[in-house]
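Proteins get letters first, then strands, A, B, ... in listed order; numbering begins at 1 in each.
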Amino acid sequence: KAGVTQTPRYLIKTRGQQVTLSCSPISGHRSVSWYQQTPGQGLQFLFEYFSETQRNKGNFPGRFSGRQFSNSRSEMNVSTLELGDSALYLCASKLTGGTNEKLFFGSGTQLSVL
Amino acid sequence: SQKIEQNSEALNIQEGKTATLTCNYTNYSPAYLQWYRQDPGRGPVFLLLIRENEKEKRKERLKVTFDTTLKQSLFHITASQPADSATYLCALEGKSSGDKLTFGTGTRLAVRP
């Protein structure tokens with residue numbers, strides 16, 4: 001069974017640009033969560049999608065958005081990039097939207113904003 | 001506000017010893033607590049989950065305790081090996097299905113041969 005796949009692995013953008021990151025969950029998993037990881041803040045929750053609906057959202061500005069498709073694949077978009085958006089963006093999937101489930105993480109997309 | 005605290009300083013221990021990592025939380029009533037391992041440049045990997053009504057959980061050389069009175073979890077690795085060197089993250093989840101899994105900032109463990 002293939003794991004969680006995130007593309008691209010590395011990305012370099014300049015301030016003001018926008019970026020779209022992609023995540024393919026494990027086959028059969030319907031919940032996809034996104035996290036931002038920086039050295040100082042650790043993993044910060046961005047949002048979770050389940051069956052194409054956003055179930056939960058973290059404390060990030062509206063420049064951060066996401067969506068989930070009918071095949072459970074998810075995309076995350078950041079508009080008007082700022083230097084502080086440089087981070088490792090991690091996607092994680094789980095089987096259902098319930099509690100008591102472990103998350104399966106991808107290797108992440110390392111975004112550098114210059 | 002809710003807070004999850006892990007020791008930000010790296011833990012350095014000798015191979016063969018037991019490593020003990022701490023996770024403290026405040027203003028939280030977690031239903032579950034999970035521990036993950038993260039290697040540099042990779043996503044976290046799930047290790048163990050413990051429920052609020054469980055005191056202890058074991059898996060091979062790993063042991064987790066959960067004290068809801070002290071609001072603390074301890075993560076132990078016995079007979080540690082250099083391959084155990086990584087960052088270890090604890091994560092808490094509330095009781096509602098809409099609650100998100102919230103992570104601590106992690107503690108880096110270095111096991112020297």
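- Following chains of ILVMFWY side-chain contacts shorter than 4.5 Å, one cannot reach A:W34 starting from A:F50, and the two form parts of different hydrophobic clusters.
- When hydrophobic clusters are built by joining Ile, Leu, Val, Met, Phe, Trp and Tyr residues whose side-chain heavy atoms come closer than 4.5 Å, directly or via intermediates, B:L47 is grouped together with B:V64.
- Taking chain A as the reference chain and counting heavy-atom pairs below 4.5 Å, the highest number among B:G41, B:G106, B:G104 is found for B:G41.
- Residues A:F47 and A:L43 do not share a hydrophobic cluster, defined by chaining ILVMFWY side chains whose heavy atoms lie under 4.5 Å apart.
- Taking the six-membered ring wherever Trp is involved, the centroid distance between the rings of B:F103 and A:Y35 falls below 6.0 Å.
- Proximity to chain B (any heavy atom under 4.5 Å) is shown, for A:Q110, by neither the backbone nor the side chain.
- Hydrophobic clustering (ILVMFWY, side-chain heavy atoms < 4.5 Å, transitive): B:W35 and B:I13 are in one cluster.
- The shortest distance between side-chain heavy atoms of B:Q38 and A:L90 falls below 4.5 Å.
- Using a 4.5 Å cut-off between side-chain heavy atoms of Ile, Leu, Val, Met, Phe, Trp and Tyr, with links allowed through other members, B:L11 and B:V111 fall into the same hydrophobic cluster.
- Among B:L49, B:L89, B:T102, the residue making the largest number of heavy-atom pairs under 4.5 Å with chain A is B:L49.
- With contacts defined as side-chain heavy-atom distances shorter than 4.5 Å, the pair A:L103/B:Y36 qualifies.
- For NZ of A:K57, the number of neighbouring non-hydrogen atoms (other residues, nucleotides, ligands) closer than 6.0 Å is greater than 12.
- One distance of note links CG of A:L46 with NZ of B:K100; it measures 11.0 Å at 0.5 Å rounding.
- The structure places NZ of A:K94 at 7.0 Å from CG of B:L101, a figure rounded to the nearest 0.5 Å.
- Under the 3.5 Å distance criterion, the side-chain polar atoms of B:Y32 are left unmatched by any main-chain donor or acceptor of A:E101.
- The number of heavy-atom neighbours closer than 6.0 Å to CD of B:E9, taken from other residues, nucleotides and ligands shown, is 12 or below.
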